[in-house]
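In listed order, ligands and their atoms are each counted from 1. Any value given below was found using the heavy atoms of this structure, including those in side chains, with hydrogens, waters and symmetry copies removed. We're numbering straight along the sequence, starting at 1.
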Amino acid sequence: MHPPDPGSSAGLFPPTQANIAFFCSHLCKGGILGIPTETVYGLAALASDPEACRKIFELKGRPLIDPLIVHLASIEMAHAVANWNPSALKIARTFWPGPLTLILPKKETVPEIVTAGLPTVAIRLPGHPVTRKLLEQLGRPIAAPSANPFGYISPTTAQHVRDSFGDRLPWIIDGGPTPVGIESTILNCSEIPFRILRPGAISALELENAIGQEVREFESMVGQKVLAPGSLPRHYSPATPLSLFDSRPPEVPTKAITIWFSRESVPNPADPGQFWLTEDGDPSTAARSLYAVLRKADALRPEMISVQKAPHSEIGKAINDRLRRAAFRP
Ligand code: TXA
Ligand code: MG
């Protein structure tokens, strides 16, 4: 086995053929690994290896009640982990590989730690070419949550992963900045009607059109007392208190940072305390830069970060869901 090529920075490795072969063997031996996906970076282990999966929970500081997503190379591979129904299969054929996770009744082969003891499993076929190659060569499913400490902002670059875990995670594949920038849409296909549990780049309407059957929109659980697993209200949060605004930022302490949706609305772009998500108001660009901008603002340790909510659009809904959870204080 070849040793991995040296990365350009500590712990980050380019996706060369030799490195991918090395990382397949690393995973098969029970190792964990930072991987790029089209949504956010993930923290991967072999899904069939409960001890390796336990390392993910430990490194993230994630409670064992919060289940992981199983990532696969093909729909055939997905038949080994879940029980399918025809509509879910149609959706998978239409949107995979892509930023969409399906919840289906699980097969017994999936270890309890992956699904937190639930009778269902979350699965997806990621669209990132590097991770597709890794999964194809590995030929086995990997479990991977987002590669951030539990509750913190998700990572959209390999360096974000490195910043959070340092030498505690010696192996990260650098696949460049993630093109979507927010986590996959999660669709519960284990009950009729299908229901969106986490909004993302793929909308209820697109899903509904694909199957010609009702798909329930996402309903925010933030502020409600009883929560489904995985709908924890506080999430994606910077260390700095965060508040949201529609058109005018609140009166804030002097050491505050304002993040506007679009540069066009910034009263004084030269002010170093004024950030923005997009130059021209494009919601997909805003989703792509959201987490990097939040991390940059948080690293400056202001007293407060005020963020402008996204205007109404499909991906705007997903951005505002993440912002509401980032701002939530119990
Ligand atoms: O885009 C993504 O989905 C990224 C990349 C790495 O694939 N992954 C990701 O994983 O966001 P994570 O673990 O950060 O979020 C997965 C969510 C969690 O809120 C979890 O509770 C929920 O999916 N989940 C997992 N299995 C579930 C199940 N059986 N039923 C309901 N929710 C589930
Ligand atoms: Mg996460």
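Looking only at atom types and distance, the side chain of S146 has a donor-acceptor partner in the side chain of N148 under 3.5 Å away. Using a 3.5 Å distance cut-off with no hydrogens or angles, the side chains of R198 and S184 do pair a donor with an acceptor.
Heavy-atom contacts of T39 reach the following atoms of ligand 1: 1 (O), 2 (C), 4 (C), 5 (C) (cutoff under 4.0 Å). Close contacts between ligand 1 and L118 involve ligand atoms 28 (C), 29 (N), 30 (N) [criterion: under 4.0 Å to a heavy atom]. Those atoms of ligand 1 that come under 4.0 Å of a heavy atom in T120, given as number and element, are 28 (C), 29 (N), 30 (N). Ligand 1 places these atoms under 4.0 Å from at least one heavy atom of I69: 3 (O), 8 (N), 9 (C), 10 (O), 16 (C). Heavy-atom contacts of D66 reach the following atoms of ligand 1: 18 (C), 19 (O), 20 (C), 21 (O) (cutoff under 4.0 Å). Here is the list of ligand 1 atoms found below 4.0 Å of a heavy atom in A122: 25 (C), 26 (N), 27 (C). Proximity to G42 (heavy-atom distance under 4.0 Å) selects the following atoms of ligand 1: 6 (C). Close contacts between ligand 1 and S184 involve ligand atoms 1 (O), 2 (C), 3 (O) [criterion: under 4.0 Å to a heavy atom].
Grouping the Ile, Leu, Val, Met, Phe, Trp and Tyr side chains by contacts below 4.5 angstrom, directly or via other members, places I32 with L64. At a threshold of 4.5 Å between side-chain heavy atoms, the hydrophobic network of Ile, Leu, Val, Met, Phe, Trp and Tyr places L89 and L104 in one connected group.
Under a 4.0 Å heavy-atom criterion, E38 is not in contact with ligand 1.
Ligand 1 has no nitrogen or oxygen under 3.5 angstrom from a nitrogen or oxygen of Y41. Polar contact with ligand 1: absent for T37 (N/O pair, distance under 3.5 Å). Taking distance alone, with nitrogen or oxygen atoms compared against 3.5 Å, K60 stays at or beyond that limit from ligand 1.
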Dump the intermediate steps for side chain to side chain contact (heavy atoms under 4.5 Å, CB included) on F95 and L187, then the final yes or no.
CA-CA 12 Å; F95 296 96; L187 181 69; over 6 Å; no
CA sep, side-chain torsions, deciding dist, call: L207, L100, side chain to side chain contact (heavy atoms under 4.5 Å, CB included):
CA-CA 10 Å; L207 293 163; L100 175 68; 4.0 Å; yes
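Heavy atoms from other residues, nucleotides or ligands lying under 6.0 Å from NZ of K107 number more than 12.
Contact annotation: for R62 versus ligand 1, heavy atoms closer than 4.0 Å belong to the side chain alone. At a 4.0 Å heavy-atom cut-off, ligand 1 touches I186 through the side chain alone. By the criterion of a heavy-atom distance under 4.0 Å, neither the backbone nor the side chain of K106 is placed next to ligand 1.
A cation-pi arrangement is absent between K317 and F218 under the rule of less than 6.0 angstrom and at most 45 degrees off the ring axis.
Residues satisfying the salt bridge (Lys or Arg N to Asp or Glu O under 4.0 Å) test with R140, not counting sequence neighbours, are none. Remark: T37 pairs with I35, T39, R124, P126 by the side-chain contact (heavy atoms from CB on, under 4.5 Å) rule, at least two apart or across chains.
At a threshold of 4.5 Å between non-hydrogen side-chain atoms, the residues W260 and P249 count as touching.
Around the Mg ion (ligand 2), protein N, O or S atoms at a distance under 2.8 Å total 1; waters are neither shown nor counted.
The salt bridge (Lys or Arg N to Asp or Glu O under 4.0 Å) pairs that include a residue from residues 267-290 are R263-E279, where partners are two or more places apart or lie in different chains.
A donor-acceptor contact shorter than 3.5 Å is absent between the side chain of Y41 and the backbone of T178.
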